[in-house]
Amino acid sequence: MKSIKSKIITTFILCTSILSCKKDFSATSLIDKGKFDLSKVYRYPNTEKEKQLVRNLELVSIVLKELYKNQSNIKVVNAAVFSKIYSDESILLKDLIFYNNSQLNKNKEFQNYCKKWELSLEKFSTEFWEKAKNLNSPNFDFFLRNLNNTYSSSNGNLQNASQNSNSGDGNSYGDQVTVYFPYSENFEPVIEGEYYAPITSLVTATADADEGWGELPYYINGVFQYYIPVVVNDDYAYANPTHIIGLNGVESYDIIASSTPPPPVAPPGVNRVYVGDGLCRIQYDRFISFTGNGGGSEIKYCRLSGYLQPINGQVSSFQDIISVNFSRNEIRNEYWRNLSAIWDDDWVNTDIEQVFAIYEEDNTNTKTFNGSLATTVSVPATPTAPAGNSTGTIGFSVTVQSQDEIIRQLKITRNSYFSGAYQDQGLGYSGNTLFLPLPIQHGWPFYDAKPGVGANVGWTWPYNIY
């Protein structure tokens, strides 16, 4: 924590030196001086709908800039993010400004932060609306009030928010505006109840990019003076608290938890296969986003099987999907995540081949897994024979939402998996002996990647026979 604080102070000193220069902070002048990397901007708003959305995001930032002059308002937002009611280090704006309906009211962690730090969500919300009203913008007011309608969004999945708002006037209730705090793990209290007053920069998502403009508050003797423009990217946010106003495609942790109930107790003879650990080594999504494709990376570890499907059919969906939201901090530092998630509840002898598939989920574009599998298929009855099962081949074509290339499509036979599951795949062993029967003493082998080496995404693939 001390090293991070020292970096913040260093950045603060560097920024104050700008004040002695001519106060021309236009984007053009700073780009000309080589301080901004345009190659890190991947997508600008194109449609009128998107442009209107970005204008409204800029107005949200203007309001928050006023609120953030009071450090207690920054604490409210940080407490909301630290409470982790949504994935990806984000809080929905609606939960901050509609306090009567806010999911934060149901969160004990947030309530504890408020008590320890003497915060009031109601006060934050009231002040937000007062500042927003001062902008005298009926369109902005309409935009904000429509955010409250998203509490009725189907399935609680917020991932496809921006996709639902690609036409119209920019005020659709599908606009899931978030405050994203990348690398928030670096600034969470290390002692219960502790809080220090970080200098928090604000960024507006005016493009999908890995670098953008932020505004850093300048204080003298603890009194706010004005904001200084700074170039913000992963390196900056890693050392300096940063809030990004955009659309991050978050999901509720309640929804995530309810979609993965605890597995049933395995009966004797079951061959259960797991994804033990997961690793992501590159940032698939953008640091800044107005499209919902920002923040960390949503990696899907999937199982594809044609077992007991009709002999003349085609598999069009995965049988199991393990969803893992890797934060930018986990990706940057190449941390392993312990998952211990079921990949196949019971890989039976007659299911000859399966596919281990990996992709990164987005809300735009599609990719398709194609191929065929040898397995036991079902055979319909004929006039001369009853229905039954037979060894055969079945095709598969599974389309997923992703704007990235398919990460992995590994077809493997059952015999190959079980005979080689303990063997080094060329990257060594994890050291994690979870599920590993004695007398084997090393952990499970790494597949595809380990920190500093290999492909973009790695995993371990343990099994247990019950």
Side-chain angles (χ1 to χ4, degrees), residues 4 7-8 11-12 14-16 18-19 25-27 30 35-36 41 53-82 88-97 124-125 127-132 134-135 140 143-144 147 176-184 186-187 196-219 223-248 286-290 294-295 328:
I4 292 171
K7 291 178 182 178
I8 294 170
T11 302
F12 179 73
L14 289 173
C15 289
T16 56
I18 298 174
L19 298 178
F25 297 127
S26 68
L30 290 177
K35 294 185 177 181
F36 186 87
V41 179
L53 169 61
V54 166
R55 285 193 286 269
N56 284 320
L57 294 179
E58 290 175 325
L59 293 177
V60 171
S61 293
I62 288 173
V63 174
L64 289 180
K65 282 171 59 180
E66 289 298 310
L67 293 183
Y68 281 16
K69 293 176 182 178
N70 183 338
Q71 287 281 335
S72 66
N73 288 324
I74 299 176
K75 288 184 180 183
V76 170
V77 178
N78 287 347
V81 174
F82 293 158
D88 212 0
E89 305 176 275
S90 297
I91 183 67
L92 291 175
L93 180 64
K94 67 184 181 183
D95 284 302
L96 295 170
I97 66 174
F124 179 97
S125 175
E127 289 185 15
F128 182 96
W129 285 105
E130 288 174 353
K131 302 297 184 185
N134 290 341
L135 296 179
F140 181 51
F143 170 81
L144 291 174
L147 296 179
Q176 298 287 338
V177 178
T178 53
V179 180
Y180 173 44
F181 187 176
Y183 304 101
S184 62
N186 292 344
F187 308 100
Y196 72 101
I199 302 171
T200 301
S201 301
L202 267 171
V203 180
T204 306
T206 56
D208 273 22
D210 285 334
E211 190 164 279
W213 292 110
E215 295 188 83
L216 177 72
Y218 174 60
Y219 299 87
V223 179
F224 173 83
Q225 303 296 311
Y226 40 75
Y227 282 93
I228 302 168
V230 289
V231 175
V232 177
N233 50 32
D234 276 284
D235 290 339
Y236 180 92
Y238 190 75
N240 301 275
T242 303
H243 290 175
I244 301 173
I245 314 306
L247 274 70
N248 231 35
R286 304 279 72 90
F287 175 69
I288 300 166
S289 178
F290 70 92
R328 295 187 81 84

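For reference, positions follow the sequence shown, starting with 1.
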- request: Decide side-chain contact (heavy atoms from CB on, under 4.5 Å) for V231 and Y236; before the verdict, give the C-alpha distance in whole Å, the side-chain angles of both, and the deciding distance to 0.1 Å.
  value: CA-CA 8 Å; V231 175; Y236 180 92; over 6 Å; no
- request: May I have the step-by-step check of side-chain contact (heavy atoms from CB on, under 4.5 Å) for V76 and L67, ending in yes or no?
  value: CA-CA 11 Å; V76 170; L67 293 183; over 6 Å; no
field: Residues V177, L92; criterion side-chain contact (heavy atoms from CB on, under 4.5 Å); working and verdict
entry: CA-CA 6 Å; V177 178; L92 291 175; over 6 Å; no
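Residues F290 and L57 come closest through the heavy atom pair CB-CD1, 4.1 Å. The heavy-atom pair separating D210 from F287 by the smallest distance is OD1-N, 3.0 Å. In terms of heavy atoms, A132 sits closest to F140 at CB-CE2, 4.0 Å. When all heavy atoms of S61 and T204 are compared, the closest pair comes out as OG-OG1, 2.6 Å. Smallest separation of non-hydrogen atoms from I91 and V77: CG2-CG1, 4.4 Å. Between V81 and V179, the shortest heavy-atom contact is CG2-O, 4.3 Å.
Taken to the nearest 0.5 Å, the NE2 atom of H243 stands 10.0 Å off from the OG atom of S90. To the nearest 0.5 Å, atom OG1 of residue T242 and atom CZ of residue F187 are 7.0 Å apart. Atom-to-atom distance recorded for T206:OG1 and I245:CD1 is 12.5 Å, nearest 0.5 angstrom. Once rounded to the nearest 0.5 Å, the distance linking NZ of K65 with CG of L202 reads 8.0 Å. Between atom CG of residue L144 and atom NZ of residue K94 there is a gap of 13.5 Å, rounded to the nearest 0.5 Å. Atom CZ of R286 sits about 12.5 Å away from atom CG of N248, to the nearest 0.5 Å.
Taking the six-membered ring where the residue is Trp, Y238 and Y183 present perpendicular rings, their angle passing 60° and hence far from 30°.
Side-chain contact of S289 with Y180: a donor-acceptor pair under 3.5 Å is absent, judged by distance alone. In summary, the side chains of E215 and Y68 do not present any donor paired with an acceptor at a separation below 3.5 Å, with no hydrogens or angles considered.
For the pair K75/N78, no side-chain contact is recorded, criterion being any heavy-atom separation below 4.5 Å from C-beta on. A heavy-atom distance below 4.5 Å is found between the side chains of F128 and L64. P217 is listed as a side-chain neighbour of I199, based on a closest heavy-atom distance under 4.5 Å.
For the pair E89 (side chain) and S184 (backbone), a donor-acceptor distance under 3.5 Å is present. In this structure, the side chain of Q225 engages the main chain of V223 through a donor-acceptor pair within 3.5 Å. One N or O on the side chain of T178 and one on the backbone of G246 form a donor-acceptor pair closer than 3.5 Å.
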